[in-house]
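The next block holds one structure in the form of C-alpha cells; read it before the comments.
Numbered from 1 within each chain, the chains take letters A, B, ... in sequence-line order.
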Protein chains: 2
Amino acid sequence: MMETATQRPPRITQTEIARRANVSQGVVSAVLSGKPSPIRVSAAVRDRVLRAAMESGYRPNSSARAMRTGLYHNLGYFLDTAPGAMEENDFPEFRAGVFDAASARDFFVSLIRLPNRDFAKNPIPKAFREAHLDTLILNNMGGLTPELQQAILTSGFPIVYLNEKHDTNAVYFDDYEDTRMLTEYVIQRGYKRIAFFAENTRRPQHYSEQLRQAAFIATMQAHRLAPEVQRWHFREERTQIINWLRSAQRPQAVLCYRDRDALTLQSCATEAGLRIPQDLAVASASNEQRLDDYFVVPLTTLVQPRYDAAVAAVHMALDLVLDRKIATRPAKVYRATLREGESVPVRPVSR
Amino acid sequence: MMETATQRPPRITQTEIARRANVSQGVVSAVLSGKPSPIRVSAAVRDRVLRAAMESGYRPNSSARAMRTGLYHNLGYFLDTAPGAMEENDFPEFRAGVFDAASARDFFVSLIRLPNRDFAKNPIPKAFREAHLDTLILNNMGGLTPELQQAILTSGFPIVYLNEKHDTNAVYFDDYEDTRMLTEYVIQRGYKRIAFFAENTRRPQHYSEQLRQAAFIATMQAHRLAPEVQRWHFREERTQIINWLRSAQRPQAVLCYRDRDALTLQSCATEAGLRIPQDLAVASASNEQRLDDYFVVPLTTLVQPRYDAAVAAVHMALDLVLDRKIATRPAKVYRATLREGESVPVRPVSR
DNA sequence: TTGTACGCGTTATCAC
DNA sequence: GTGATAACGCGTACAA
C-alpha cells in the first residue's frame, strides 16, 4: 500500500523561482522553456534557476501557458457510446494509438463521450460548450444527434474522423477491398458453398458491415458462386444457427463479419458436432484481439492496423492545428493484413 | 458523410460580446456565469447579452477561467498499461462511470497512461509534469515504477485509488468476502470436489487473484473439504486442461477467478466431451460483461458494481478537491452481487 | 546578459 | 444597476 499524501504542496510559480534564484521572472521563463530565445543566460544563472525549479517541485501551469500561446495542448478523443451504439467499438488499440501519438507531440488527451445517464438534460458535452480543445478525433458509430453534429462543426477546431469514411480529414480502413481479398482467399482455397455470417444485434451498426457483406456478394458472383448471407441473434436464435449448421445445405466455409461472430459460430458448431476446420472452415473480416485466446484453432482473420490508424489520425489532427493555414488534409486509407490461422485449410479435392 | 469545416470561426471573448451588446464586460461575465452576483442586471440587458453570446457562438475560455479560479476542472483517469500489465483491466464500466460522474460535476476527463512506446525516453507522463489536473483517479495494476509513484505523490493533487485496496482515498471491492460467499454457495448446492481455476498468464496479476484463491481455500477448509487449485496457460497447456477434465479425479465444480477463465474451461470441457453443467459445474468470481454472450449456458458469476464504484471514486476525488481542508476520506468498499445463471445447478444426491 | 512591462480572458472588487 | 480596474501565471518585445 502506498502512502497517501496528507497535505498539498503550495503552487510554485516562475515568480517564486525567480525570487529564490535571485533573477527576474523573464529569465526563469526563458530558461525553463528550453527553446532557443533572444534571451541568452549565463551557465551560472541557468543552473541557479534549474536547481531552484527542481528543489521547489515547480510544474508549469498549463492554463497560463494556454492563455498566452492560444494553444490548449489538448486533443479530444470522442467515443460514440450513445444508447444503441456499440460500446465495443472502442478498441484498446485505438485508445493506445491516440494516447501515444498525442503524448509524443506533447498533447493531453481528453476523453469525450455521450453521458450514459442524464443525456436528455445535457445533450452537448462540456468539451463542445467550452474552449478547451485544439482538435478532435471522432470515433463515431453513427449515434450522433443532429444538434450534436452541429455543436461539433461549429466548435471551431479541426476534426479528424477515425474509422469513418470521409474524403478529407479522416483515417479509415478499406473495408470493401479487404473483404474482397478475404473472399478471394477462401475461394482460392477450394471452397464453393460459402456463407457470410454476422450476428443480428438489432442496433445501429458500423457502415463496414454493409460494405463487407456487399464485397462478399460481389466477389462470389464474380466467381459464379451463390452467395449466402445468414444473420441470427446468438442468444435468442441459437438453435436456428445450430440447425443451419446441421442441415444438408450447410456451407463449407463461413466468412464472418468479425471475430466475435466466428466465436459464436465456433460455439454453435461444437454443439452441432462439427469440428473446425475439418467440417467447417471459418474466416473473419475483422480481428478482435481480446478474443484471440478463445479460438480452439487459430482463426484466419483480417487484422486492421488500428494502432497505426489512430497514430495517423492524431498526426493529421495536430498538423491541422499547427499549420493554421490549411483546414483540410486528404483522407488516409489503411489496408488490413491477412493473418493466416488454421481455420481455412486448403480444401481436399472431392468430386 | 458530414461536411468538414473549411475555416475556423474567430475566437469570441466576453469583451467582444460586451461590445455587441453595448454593455461592459463585467456585466457579460456576471450574466454568463449564471451564479448569483452582486451585480443585478435588468432583464433587457440580460437578454441582449445572452443573445449576443448565442449568435456569436461564444464559448468560455476554460484556461482563463482556470487561471483566475485556481481550478482546472480537469480530472485525470490513470490506466496502468505498462508492459506486463493487463490491458483488460480497463473495464468499460469504469470508464463510463468516471466520465459520467465527472461530467455531472462539470469536470473534464483527461486520459493518462504509460506510453507503450518511447517509455524509457519519457517515463513520466506530461500530466504529472505540468499543472493541469485537480485530481487523479488511479486504476492501477501494479506496474508503477518507483519514480512514477514519486511523481504522482509529489504532484500536489489528491489521488483516489480505484479497484485497489487502501485505507483512505480508495474505492475497491471486497474480493475476499465475495469469493467466500461464492464458495459457500457452490458448497451449499451439494458440490464437494471443487477446484479453483485461474489462467496462468505469466504476468503481474491484480492482487485480487491471491485474495480470491485464499478465500476459496479457507472456505473449503472450514467445510473440511480439500481445496484444489489449478493453473494452466490456455494456449500452451490446453491438452493438460483437457486431460485434467477427462481424468477420474476431475472436479465436480470449478470456481474460476474470472469469466475468461470460465470461457477457457467451457472450451476445454466441450472438447473433453463434458457438458456444462450436467458433467461439470462452473462459477466465476468476476463478471466480464464483454464475454457474456459466449457462454452456452448462462454463467453463475459475481458481478462487481464497477460503474458505481467509479462514480463513487470520482465523487470522493472531487470532494477532496472542493473541500480543500480535508486531504483524506475513508475508503469505500463495494460488494459484488451473485448473478445466478444455470451453470451451478443443485447437485442431485448421489451416494 | 538581464530586468521591465504588457497582455492573453476571466472573475471579482470597487467606486460611481 | 453599471463601468472601470486588479489579479491569476506565463511568454515576449524592448529597454537597460
Side-chain angles (χ1 to χ4, degrees), chain A residues 9-50 52-53 56-74 106 129-134 156, chain B residues 10-49 52-53 56-74 106 129-134 156:
Chain A
R11 298 277 163 90
I12 303 295
T13 67
Q14 290 188 353
T15 310
E16 173 63 15
I17 309 263
R19 202 187 57 73
R20 300 195 190 188
N22 206 24
V23 293
S24 77
Q25 176 265 329
V27 173
V28 176
S29 176
V31 169
L32 293 183
S33 84
K35 286 179 271 190
S37 141
I39 299 180
R40 300 282 313 156
V41 293
S42 67
V45 168
R46 229 182 69 90
D47 286 353
R48 283 219 308 283
V49 168
L50 287 178
S56 61
Y58 168 76
R59 288 157 60 235
N61 184 321
S62 54
S63 296
R65 171 178 295 165
M67 214 172 45
R68 192 67 183 76
T69 61
L71 255 196
Y72 302 104
H73 275 265
N74 239 312
D106 211 31
R129 299 189 320 261
E130 294 195 4
H132 176 66
L133 302 178
D134 299 301
Chain B
R11 297 278 162 90
I12 303 295
T13 66
Q14 290 188 352
T15 309
E16 174 62 14
I17 308 264
R19 201 187 58 72
R20 299 194 190 189
N22 206 25
V23 294
S24 79
Q25 179 268 333
V27 174
V28 176
S29 176
V31 168
L32 293 181
S33 84
K35 285 181 270 192
S37 143
I39 299 181
R40 300 284 311 157
V41 294
S42 65
V45 167
R46 230 182 69 90
D47 285 353
R48 282 218 308 281
V49 169
S56 61
Y58 168 77
R59 290 156 59 235
N61 184 322
S62 56
S63 296
R65 172 177 295 164
M67 208 172 51
R68 190 64 181 82
T69 62
L71 255 196
Y72 302 105
H73 276 266
N74 240 311
D106 211 30
R129 301 190 317 262
E130 295 195 3
H132 175 66
L133 301 177
D134 300 300

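Partners of A:Ser29 according to the side chain to side chain contact (heavy atoms under 4.5 Å, CB included) rule, which considers only residues two or more places apart in sequence or in another chain, are A:Gln14, A:Gln25. Residues forming a side chain to side chain contact (heavy atoms under 4.5 Å, CB included) with B:Ala53 (at least two apart in sequence, or on another chain): B:Ile17, B:Leu32, B:Tyr58. Remark: A:Glu130 engages A:Lys126, B:Arg65 in a side chain to side chain donor-acceptor pair (under 3.5 Å) (not counting sequence neighbours). When the side chain to side chain donor-acceptor pair (under 3.5 Å) test is applied to A:Ser62, the partners found at least two apart in sequence or on another chain are B:His132. In this structure, B:Arg46 has no side chain to side chain donor-acceptor pair (under 3.5 Å) partners at least two apart in sequence or on a different chain.
The backbone N or O of A:Leu71 lies less than 3.5 Å from no partner atom in the side chain of A:Asp134, so there is not a single donor-acceptor pair. In this structure a side-chain-to-backbone donor-acceptor pair under 3.5 Å is missing from A:His73 to A:Ala66.
Rounded to whole Å, atom C1' of D:dC8 lies 10 Å from atom OH of B:Tyr72. Atom CG of A:Leu32 and atom P of D:dG9 are 15 Å apart (whole Å). In this structure, A:Asn22 atom CG and C:dG3 atom C1' are separated by 12 Å, rounded to whole Å. Going from atom CD of B:Glu16 over to atom C1' of C:dT10 covers 16 Å, rounded to whole Å. Put simply, NE2 on A:His73 is 15 Å from P on D:dC10, counting in whole angstrom units.
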N/O-N/O pairs, protein side and nucleotides 6-9 of chain C side, under 3.5 Å:
from: C:dG7; atom 1: N2; to: A:Arg68; atom 2: NE; distance (Å): 2.5

For nucleotides 14-16 of chain C, which of its nitrogen or oxygen atoms have a protein nitrogen or oxygen under 3.5 Å away, and what is each distance?
none

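The list of salt bridge (charged side-chain N to carboxylate O under 4.0 Å, His left out) pairs with a residue in residues 25-34 of chain B, not counting sequence neighbours, is empty. Residue pairs meeting the salt bridge (charged side-chain N to carboxylate O under 4.0 Å, His left out) criterion with at least one partner in residues 12-31 of chain B, sequence neighbours excluded, are B:Glu16-B:Arg19, B:Glu16-B:Arg20.
The two atoms that bring B:Ala21 and B:Ala52 nearest to each other are CB-CB, 4.3 Å, heavy atoms only.
In this model, the phosphate group of C:dT11 is not approached by any side-chain N or O of B:Thr69 to a distance below 4.0 Å at OP1 or OP2.
Heavy atoms of A:Val28 sit nowhere under 4.0 angstrom from any nucleic acid atom. B:Ser42 comes within 4.0 angstrom of sugar-phosphate atoms only, judged by non-hydrogen atoms across all strands, and of no base.
Inter-axis angle, ends of the helix from C:dT1-D:dA16 to C:dC16-D:dG1, five pairs per end, rounded to 10 degrees: 50°.
For the pair B:Arg129/A:Arg59, no side-chain contact is recorded, criterion being any heavy-atom separation below 4.5 Å from C-beta on.
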